[in-house]
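Order of the sequence lines sets the chain letters (A, B, ...), proteins ahead of strands, with each chain counted from 1. Just so you know, these numbers use all the heavy atoms, side chains as well, and skip hydrogens, waters and symmetry mates.
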2 protein chains.
Amino acid sequence: MVSERRVKGSGGKRTAPRLTADDWTAAALEAMADGGLAAVAVEPLAARLGATKGSFYWHFANRDALIEAAVLRWERDHTEAVIGLVDAEPDPLARLRLLIGLVLHSTARPVDGSIELAMLATADHPHVAPVLARVTERRVAYTAGLFAALGWPAAEARHRGLLAVTAYLGHAQMAHVAAGSLPTAEADRQRYVDQVILLLTAASAPDRA
Amino acid sequence: MVSERRVKGSGGKRTAPRLTADDWTAAALEAMADGGLAAVAVEPLAARLGATKGSFYWHFANRDALIEAAVLRWERDHTEAVIGLVDAEPDPLARLRLLIGLVLHSTARPVDGSIELAMLATADHPHVAPVLARVTERRVAYTAGLFAALGWPAAEARHRGLLAVTAYLGHAQMAHVAAGSLPTAEADRQRYVDQVILLLTAASAPDRA
DNA sequence: TCACCACTGTACGGTAGCGTACGGAAACAT
DNA sequence: ATGTTTCCGTACGCTACCGTACAGTGGTGA
């Protein structure tokens, strides 16, 4: 789980390699994934890296600076990843389906999702709040753009994008706090995703009796 | 914000009233609303109540016991409140509309919602997790019941209930971390809620070209 | 090779909160 | 009124973590 500080010499002299600021931010995100922001603590982190605080306070002014760096790094890496993953698909409808299916299934695997959950859990932190606000708005805008590309007028596209993103956020939460309430069997899960896509792309006019 | 420890005598002798266990759980929930579970700390709580730890450790074995009591109390009060509020309406469709509208607007006012957000933020805590799981499943089951009463088959009703609840959870999150991404103008907000209700109750078959 | 600089370890003081011990006050029963 | 139970305050030690001071070490260029 933790990348121990490995020796670099091959033969006899085993020397611990020096650490960079990036090593610390990476460790911070790793700690955040399991333990939340509270786990981003200098001394435990140093222990995990096989170093001491003396190293840390060289690279960062204080704990707060580390948090800021880690959170900004997450924003950068994370948004690039998702966009690059979906934007390959040319057809808007297929892209929407790909996005929703991908994102609803992604809550199953833990690694990346738990960082996001940890961020949501600490949304009040002054360094976390603006990042979450940016990421969220970016998602809504992107999803709304997909609906707009499918022909819905701007306002309605925005509303559908909003519903899609809120559904995703809630799905992530539910996978975390009440996994048992979500469909478990693979077939049922697939049907659920299909159903969601269907409802999100349903016609506007009410047509039920 | 905090109910200070008031005197009870009318004239000259001002005596602080004694505290009950319920006073402590109430204060704990109050602290949780602004500050999260971390703010449920014995010494600060005692300060807010104008008492000392000596009092606390008489009523509770330790901090953990207080957390458990507070969280269970929240579960009890909270579920009763919501059910009682909506179950008056006899017509299922009206009840569904009432529920969704109520719940999507509720994220605006802070009091009750912030406790729930705090719980979600600490979902990993051993005392919080089971409560959240129960409350969530209860909501899904209830909402699914509404859709079932409207005529959808059980599986689809469950899926729609699931989507409704995830949308609610995500909405609450978004109101917290990216309020600016949600509709701000009252008219737009109303249209958004209508749109959500429409999509959640849309017919099953895809009918778009 | 040697002086310098980037980096790290050690040692220290400070703060916040948990939990315990115990004496004493306040209510209550008799 | 007085003893008993209930409740509360004070004082203490303990742990975890933050941040600082400073002495060292190892690589690197002159």
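Atom-to-atom, CG of B:Leu19 to P of C:dA26 comes out at 15 Å; the value is rounded to the nearest Å. When the C1' atom of C:dA26 is taken as reference, atom CH2 of B:Trp58 falls 13 Å away, rounded to whole Å. Atom CG of B:Asp23 and atom C1' of D:dC8 are 14 Å apart (whole Å). Between B:Phe56 atom CZ and D:dC8 atom C1' there is a gap of 14 Å when expressed in whole angstrom units.
Across C:dG9, D:dT6, D:dG9, the shortest atom-to-atom separation from the side chain of B:Arg18 is found for D:dT6. With C:dG9, D:dG26, D:dG9 as the candidates, the nucleotide lying closest to the side chain of B:Ser55 is D:dG9.
Distances shorter than 4.0 Å separate some side-chain N or O of A:His59 from OP1 or OP2 on C:dT8.
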Every protein N/O within reach of nucleotides 15-18 of chain D N/O, cut-off under 3.5 Å:
from	atom 1	to	atom 2	distance (Å)
D:dC18	OP1	A:Val42	N	3.2
D:dC18	OP1	A:Arg63	NE	3.4
D:dC18	OP2	A:Val42	N	2.8
D:dC18	OP2	A:Glu43	N	3.2
D:dC18	N4	A:Glu43	OE2	3.2
D:dC18	N4	A:Lys53	NZ	3.2

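Residues A:Arg48 and A:Glu30 are paired through a salt bridge, judged by an N-O separation under 4.0 Å between the basic side chain and the carboxylate. For the pair B:Arg95 and B:Asp91, the salt-bridge criterion is not met [side-chain N within less than 4.0 Å of a carboxylate O].
For the 3.5 Å distance criterion, the side chains of A:Asp23 and A:His59 fail to qualify, holding no donor opposite an acceptor.
Evaluation of the side-chain contact (heavy atoms from CB on, under 4.5 Å) rule for A:Arg191 yields A:Ala187, A:Asp188, B:His159 as partners, not counting sequence neighbours.
A centroid separation of 6.0 Å or more is found between the aromatic rings of B:Phe60 and B:Trp24.
Nearest heavy atoms, B:Ala26 versus B:Arg73: N-NH1, 3.7 Å.
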